[in-house]
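To start, the structure itself, in structure tokens.
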Amino acid sequence: MKSMGSPSTPVVTRFAPSPTGFLHIGGARTALFNWLFARHHQGKFLLRIEDTDRKRSTDEAIEAILDGMKWLGLDWDGDAVSQASRADRHREVAESLLESGHAYRCFASQEEVQAAREAARAAGKSLRFDSPWRDKQPDDVPQDGSFVVRFKAPRDGETVIEDQVQGRVRVSNDELDDMVLLRSDGSPTYMLSVVVDDFDMGVTHVIRGDDHLTNAFRQVQLVRAMGWEPPIYAHIPLIHGADGKKLSKRHGALGVDAYRDMGYLPEALRNYLLRLGWGHGDTELLSTEEAIRLFSLEGIGKGAARFDFKKLANFNGHYIREANNEHLVELTEPLLAAHFNRAFDDADKAVLTKAMPGLKERAKTLVELGESAHFLFKSRPLEMNDKATKILDDASRAVLASVAQRLEAVEDWTASSLESAVQDFAQSADIKLGKVAQPMRAALTGSNVSPGIFDVLEVLGRDESLGRLHDQSSL
Ligand code: GLU
């Protein structure tokens with residue numbers, strides 16, 4: 001194995017998405033691995049937009065990919081390269097292959113190619129198309145007429161790739177036909193463009209999904225025909241659903257924008273994607289710095305990874321708990337403003353910030369976090385959910401009346417003083433603390449789940465808290 005990453009061979013990786021609408025989860029993982037590998041080796045991470053399919057490559061689709069990358073914190077070096085803008089260079093390379101005898105003009109029509117394939121199939125022979133134009137002398141070739149430029153692929157021997165994930169993989173050269181490099185309208189094919197771009201961009205490592213493994217053999221042949229050095233390949237197994245089947249929307253085959261909207265934090269998704277197909281012992285949670293320090297191609301698994309929403313949610317819960325309160329306020333405030341259909345001012349934000357340490361303990365997503373904060377901003381009298389209604393029976397309402405009376409006397413409206421007051425009350429009235437706390441929780445939040453009740457009292461403040469308790473008490 002070559003040792004890369006020494007100062008004489010700086011690592012250059014690239015992410016080369018085809019802009020088909022959004023940055024999907026598999027693409028995001030590929031981008032992440034390339035980014036980590038480049039950062040680990042203090043190399044470069046380049047972005048190339050494979051926008052040669054002009055119909056599908058809209059500006060919106062490109063923007064969606066760039067947005068997804070930025071949101072995930074995957075910064076690329078230099079400007080994003082448009083593959084389509086480099087078509088002249090791709091044609092130039094095809095011309096040089098024609099000149100060196102590694103490519104030829106093929107005048108066979110689509111119908112002829114099709115007919116040859118049919119005949120081969122009927123005869124039970126290889127479906128490889130053997131162009132009658134492959135070995136023609138220049139004099140025997142028409143001066144006009146429609147043609148494609150085909151690569152004159154080697155027929156003998158085999159092509160071997162020392163893949164960093166798949167191991168040594170090989171194909172017998174007689175299995176590969178002479179791929180088209182330039183179409184009859186002169187447009188370069190994907191296969192040619194990728195090879196030329198990777199070379200011109202100085203890419204040392206191609207890390208991508210293993211659906212590209214068969215392309216890699218043809219690409220290597222082309223690279224060699226140009227007299228270039230092939231990059232090092234690492235083909236990552238694709239992501240499957242939790243049931244082991246091909247990833248579908250139901251399994252999580254969505255754009256990263258969908259994960260953002262579902263309330264996942266970019267750092268959580270990044271950590272989850274890292275663990276989806278890469279491992280370092282049993283370590284699950286890794287900071288970005290640790291991930292950069294530890295990332296290696298050896299850690300990439302050979303089997304298909306399975307996407308597990310539950311695990312992602314657990315990662316997200318962890319990162320929410322770790323996140324700074326002000327940052328979480330910024331992220332949840334727009335959700336709350338949309339829910340209540342009003343602007344949130346500084347006073348609202350102060351309430352949210354104060355409540356955040358309690359709220360973030362439970363939430364698995366920002367959406368849940370936002371919902372768990374609704375009670376803070378509801379207007380009196382609060383609507384009670386079914387569980388709260390059940391808790392608030394006659395006995396509980398009577399308890400509320402007495403405890404509210406006791407709380408009115410508390411001068412220092414802080415969680416700790418309120419806690420002592422409620423404890424004293426429970427003791428003197430000879431009721432279990434839970435029998436006081438549950439009705440209070442229902443009255444204060446309209447629900448049976450909330451952050452610690454004394455924190456809730458403190459955050460809501462004296463007037464609002466007493467008001468809510470009185471609303472539900474029987475006096
Ligand atoms: N554009 C290709 C894709 O989106 C990737 C090509 C490559 O990585 O070589 O699947």
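Since we're looking at a predicted model, the values are computed, not measured. Order of listing sets the numbers, starting from 1, for every ligand and every atom in it.
- Scanning the protein heavy atoms around atom 6 (C) of ligand 1, the nearest turns out to be Y190 OH, 2.9 Å.
- Scanning all protein heavy atoms for the shortest distance to atom 8 (O) of ligand 1 gives R14 NH1, 2.7 Å.
- Contact between F15 and ligand 1 is absent, with no heavy atom of the residue lying under 4.0 Å from the ligand.
- At under 3.5 Å, a nitrogen or oxygen of A16, whether backbone or side chain, sits near a nitrogen or oxygen of ligand 1.
- The closest non-hydrogen atom to atom 10 (O) of ligand 1, taken over E50, H235, H212, comes from H212.
- Here the two rings, on F107 and W133, have centers that are under 6.0 Å apart.
- At a threshold of 4.0 Å, the pair D308-R306 does not count as salt-bridged, since none of the basic side-chain nitrogens sits closer than that to a carboxylate oxygen.
- Partners of R89 under the salt bridge (charged side-chain N to carboxylate O under 4.0 Å, His left out) rule, at least two apart in sequence or in another chain, are E92, D200.
- Each of the following atoms of ligand 1 lies closer than 4.0 Å to a heavy atom of S18: 1 (N), 2 (C), 3 (C), 4 (O).
- With salt bridges taken as basic N to acidic carboxylate O contacts below 4.0 Å, none links K70 and D75.
- Near R208, the atoms of ligand 1 lying under 4.0 angstrom from a non-hydrogen atom of the residue are 7 (C), 8 (O), 9 (O).
- Of the N and O atoms on the side chains of N316 and T365, not one donor lies less than 3.5 Å from an acceptor on the other residue.
- Of the charged side-chain nitrogens involved, at least one lies within less than 4.0 Å of a carboxylate oxygen, so that D130 and R155 count as a salt-bridged pair.
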